[in-house]
Amino acid sequence: MVFLLAHPVCHLLFGHKLLAGVPRVLQISALNMLPLYLSTVFYRFLVAERKNGVWSVFLTGTVVLNGVLCNYLIPMAHTRLHNASMGAAASSLIAECCTMVFALILLKMNPFNSDTLGSIVKTVLATAIMGAVIWKLRNVFVLVPATVGMGVFVVLAWKLKILGDEEQAKLTELVRRKLGRFLRRRG
């Protein structure tokens, strides 16, 4: 969603003062969320396997890699794209992708079983449909495509059963409790 709405969000926040490269930096940063999230999830597995010490050493290496990449990509992006911050964002994205790959190697297992792959396919489908809806609404005020896009994703995630039955039941109960508290305060 952030990737698709980067331009209107930046225009809303900065108006006529918007620098041309800011939306691109936001888009690269949005792409960075996936490897960052997966690395965080894999870290929990590594802690369970008592490999957090090795992981900490590697994370230090990731910081060094990010620094080296920044040293190269920032001046290159400044020269070629006239946007040094895109080089910094790209450095971070590359470093996080390397972190994610190393975490998988360190785990020595494939966490992508048939259930996980099924959830990934369903999530990608829901995300693609959400993206298409947002793209169709991209020319209206930014809150409209954001709200409609989120609604479409939530409905599709529910209908496609991206979460398991137990997780959906817990989520339903949580929403009921929160909504009940909110209504009691209003009433």
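Not measured: the values here are computed from a predicted model. Note that the numbering runs from 1 along the sequence shown for the chain.
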CZ of Arg44 to CG of Asn52, rounded to nearest 0.5 Å, is 14.0 Å
From the list Leu143, Val142, Leu137, side chain to side chain contact (heavy atoms under 4.5 Å, CB included) partner of Val140 resolves to Leu137
Rounded to the nearest 0.5 Å, the CH2 atom of Trp55 sits from the OG1 atom of Thr60 at a distance of 11.0 Å
- Determine whether more than 12 heavy atoms belonging to other residues, nucleotides or ligands lie under 6.0 Å from atom CH2 of Trp158. yes
Please say yes or no: joined through hydrophobic side-chain contacts below 4.5 Å, possibly via intermediate residues, are Leu46 and Leu59 part of one cluster? yes
Nearest heavy-atom approach of Leu5 to Pro145 is CD2-CG, 3.9 Å
Quiz item: Counting only heavy atoms not in Phe102, do more than 12 fall under 6.0 Å of its CZ?
Solution: yes
Correct closest heavy-atom pair for Lys51 and Leu107 would be NZ-O, 4.2 Å
Heavy-atom distance under 4.5 Å between the side chains of Leu117 and Asn113, does that happen here? no
Correct closest heavy-atom pair for Asn83 and Gly21 would be ND2-CA, 2.9 Å
**Q.** Between Thr99 and Ser39: side-chain donor-acceptor atoms closer than 3.5 Å
**A.** no
Single-linkage hydrophobic cluster Val133~Leu4, side-chain heavy atoms < 4.5 angstrom | no
**Asked** Can you find a heavy atom in the side chain of Lys170 that is under 4.5 Å from one in the side chain of Glu173?
**Response** no
Heavy-atom closest pair (Leu69 atom, Ala95 atom, distance to 0.1 Å) is CD1-N, 4.2 Å
* To do: Please lay out, stage by stage, how Lys122 and Leu125 fare under the test side-chain contact (heavy atoms from CB on, under 4.5 Å).
  => CA-CA 5 Å; Lys122 291 175 190 177; Leu125 176 63; 5.6 Å; no
Separation between CG (Leu104) and CG (Leu38), nearest 0.5 Å, reads 8.0 Å
Value for CG (Leu73) from CE (Met86), rounded to nearest 0.5 Å, stands at 10.5 Å
Lys136 meets the side-chain hydrogen bond (donor to acceptor under 3.5 Å, both in side chains) criterion, sequence neighbours left out, with none
Starting from the C-alpha separation in whole Å, work towards a yes-or-no answer on side-chain contact (heavy atoms from CB on, under 4.5 Å) for Leu106 and Phe58. CA-CA 10 Å; Leu106 196 57; Phe58 179 75; 5.9 Å; no
Do Thr62 and Cys98 come close enough that some side-chain heavy atom pair is under 4.5 Å?
no
query = Just wondering, do Thr127 and Met130 contact through their side chains at under 4.5 Å, heavy atoms?
reply = yes
Under 3.5 Å side-chain donor-acceptor pair for Asn66 and Ser91: no
I'd like to know if Val155 and Val148 are part of one continuous hydrophobic network [Ile/Leu/Val/Met/Phe/Trp/Tyr, side-chain heavy atoms within less than 4.5 Å]. no
Handout entry: Donor-acceptor contact present, side-chain Gln27 to main-chain Phe3, <3.5 Å
Key = yes
CG (Leu93) and CG (Leu34) are apart, to the nearest 0.5 Å, by 9.5 Å
#### Entry: Arg181 side chain near Arg176 side chain, heavy-atom distance below 4.5 Å
no
Value for NE2 (His78) from CE (Met76), rounded to nearest 0.5 Å, stands at 13.0 Å
**Item:** Residues Val2, Leu26; criterion side-chain contact (heavy atoms from CB on, under 4.5 Å); working and verdict
**Value:** CA-CA 8 Å; Val2 174; Leu26 187 57; 3.8 Å; yes
Does Met33, at its CE atom, have more than 12 non-hydrogen atoms belonging to other residues, nucleotides or ligands within less than 6.0 Å? no
Practice problem: Check whether Phe42 and Ile105 end up in the same hydrophobic cluster, where Ile, Leu, Val, Met, Phe, Trp and Tyr are linked by side-chain heavy atoms less than 4.5 Å apart. | Solution: no
Heavy-atom closest pair (Leu156 atom, Ala126 atom, distance to 0.1 Å) is CB-CB, 3.9 Å
State yes or no: do Tyr43 and Phe45 share one hydrophobic cluster built from I, L, V, M, F, W and Y residues joined by side-chain heavy-atom distances below 4.5 Å, directly or via other members? yes
Of all heavy-atom pairs linking Cys70 and Pro75, the shortest is O-CD, 3.6 Å
Quick check: does any side chain N or O of Ser92 sit under 3.5 Å from a backbone N or O of Ala88, one acting as donor and the other as acceptor? no
